[in-house]
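Letters A, B, ... mirror the listed sequences (proteins, then strands); counts begin at 1.
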2 protein chains.
Amino acid sequence: MRDILTSTPIESCPVRQILTDVGDKWSILILIALSGGPRRFSALRRDIPDISQKMLTQTLRKLERDGLVSREVTPSTPPRVDYDLTALGASLMHQITPLAGWAVRHLDEITAARRRFDWSSTSG
Amino acid sequence: MRDILTSTPIESCPVRQILTDVGDKWSILILIALSGGPRRFSALRRDIPDISQKMLTQTLRKLERDGLVSREVTPSTPPRVDYDLTALGASLMHQITPLAGWAVRHLDEITAARRRFDWSSTSG
DNA sequence: CGGTATCCTAGGGGATACTG
DNA sequence: CAGTATCCCCTAGGATACCG
């Protein structure tokens with residue numbers, strides 16, 4: 001796998017692309033929220049209480065641009081916008097789920113490692 | 001899965017933790033390089049040509065702190081430092097590999113979606 | 001309701017120089 | 001060789017205000 005690094009320009013490493021893409025502050029949270037089914041803008045705001053309106057819009061646009069999320073506008077008054085995972089987005093979440101499982105199983109281990117590291121830096 | 005969002009404080013969502021952790025500019029690139037076997041500092045610099053010395057050190061420290069990477073110093077002159085994946089790091093990479101496969105298989109699709117999005121934004 | 005537009009700041013990350 | 005230390009820039013992202 002290491003040859004990915006030399007065989008392709010770094011910028012185009014596919015793993016890196018999706019990890020940095022989905023690794024920003026809000027993307028996965030939105031994707032997780034949408035994995036429960038379609039959701040309106042305001043519903044997403046409630047799902048993720050501490051996201052700002054700006055970042056919700058901005059991140060949704062990015063995910064839409066990537067083809068991971070669909071956006072359907074109903075031009076009523078007041079307007080109504082429904083977001084949903086696309087097939088591509090759903091298939092990505094299918095990959096994320098085992099990773100989520102790993103994270104849950106090993107979070108304690110990571111936390112413990114951090115404590116050890118910080119402790120031995122401080123005192124030893 | 002959506003209940004992760006409400007059942008726990010957002011900050012502690014485990015998936016988010018590892019994704020933002022490994023989603024920074026250099027982490028996966030280093031982890032990928034190390035998944036080929038142990039590697040010296042200077043070898044990693046060659047593997048990832050455009051990383052700065054500062055960021056290589058800094059990112060390695062973070063990964064070490066997380067318990068994903070081990071660091072072994074041989075105090076010779078000149079000094080020698082070997083980095084390697086820990087068992088935890090290797091098990092993480094085990095989860096990343098299928099994700100990498102997905103990324104490779106669907107990168108074209110994402111790129112196409114972006115072109116469509118950018119095109120329809122520009123022209124109508 | 002579902003957005004823009006504007007302003008502003010914390011910190012990620014590069015370049016360069018120095019050290020044991 | 002494998003790092004610190006310093007400086008400096010740029011952008012992700014928050015707060016606030018306005019709009020159809």
Rounded to whole Å, how long is the line connecting atom [atom1] of [X] with atom [atom2] of [N]?
{"X": "B:D24", "N": "D:dT11", "atom1": "CG", "atom2": "P", "answer": "18 Å"}
{"X": "B:I51", "N": "C:dA15", "atom1": "CD1", "atom2": "P", "answer": "12 Å"}
{"X": "B:D47", "N": "D:dA2", "atom1": "CG", "atom2": "C1'", "answer": "16 Å"}
{"X": "A:I30", "N": "D:dG13", "atom1": "CD1", "atom2": "P", "answer": "11 Å"}
{"X": "A:I48", "N": "D:dG13", "atom1": "CD1", "atom2": "C1'", "answer": "15 Å"}
{"X": "A:L56", "N": "D:dT16", "atom1": "CG", "atom2": "P", "answer": "18 Å"}
{"X": "B:L60", "N": "D:dC1", "atom1": "CG", "atom2": "P", "answer": "16 Å"}
{"X": "B:K25", "N": "D:dC9", "atom1": "NZ", "atom2": "C1'", "answer": "13 Å"}

Run the salt bridge (Lys or Arg N to Asp or Glu O under 4.0 Å) test against A:R80 and tell me which residues pass, sequence neighbours left out.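 A:R80 satisfies salt bridge (Lys or Arg N to Asp or Glu O under 4.0 Å) with A:D82 once adjacent residues are dropped.
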
When you check the gap from the basic side-chain N to the acidic O, do B:R71 and B:D84 get nearer than 4.0 Å?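 B:D84 and B:R71: not salt-bridged.
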
Under a 4.0 Å threshold between the charged nitrogen and the carboxylate oxygen, would B:D118 count as salt-bridged to A:R65?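 Salt bridge flag = yes for B:D118 with A:R65.
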
Return the nearest nucleotide to the side chain of [X]; candidates are [options].
{"X": "B:S52", "options": "C:dG14, D:dG3, D:dA2", "answer": "C:dG14"}
{"X": "B:M55", "options": "D:dG13, D:dA2, C:dG13", "answer": "C:dG13"}
{"X": "B:R61", "options": "D:dG3, D:dG20, C:dG14", "answer": "D:dG3"}

With a 3.5 Å distance limit and no angle check, can you tell me whether B:T86 reaches the backbone of B:L68 through a side-chain donor-acceptor pair?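 Looks like yes, one N/O pair under 3.5 Å.
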
Is the distance from OP1 or OP2 of [N] to the nearest side-chain N or O of [X] less than 4.0 Å?
{"X": "B:Y83", "N": "D:dC1", "answer": "no"}
{"X": "A:R39", "N": "C:dG2", "answer": "no"}
{"X": "B:R80", "N": "D:dA2", "answer": "no"}
{"X": "A:R40", "N": "C:dG2", "answer": "yes"}
{"X": "A:S42", "N": "C:dG2", "answer": "yes"}

Which residue lies more 5' along DNA chain C, comparing B:Q53 with B:Q58 via nearest heavy atoms: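 Taking each residue's closest nucleotide, the earlier one in sequence belongs to B:Q58.
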
A:K25 and B:T20: side chain donor to acceptor below 3.5 Å: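 No pair is found: no donor N or O on one side chain lies under 3.5 Å from an acceptor on the other.
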
What is the nucleic acid contact for A:R45, judged by heavy atoms within less than 4.0 Å: base, sugar-phosphate only, or nothing?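 Contact class for A:R45: none.
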
Is a donor-acceptor pair below 3.5 Å formed from side chain A:K54 to base D:dG13, judging by atom type as modelled?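 Pair found.
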
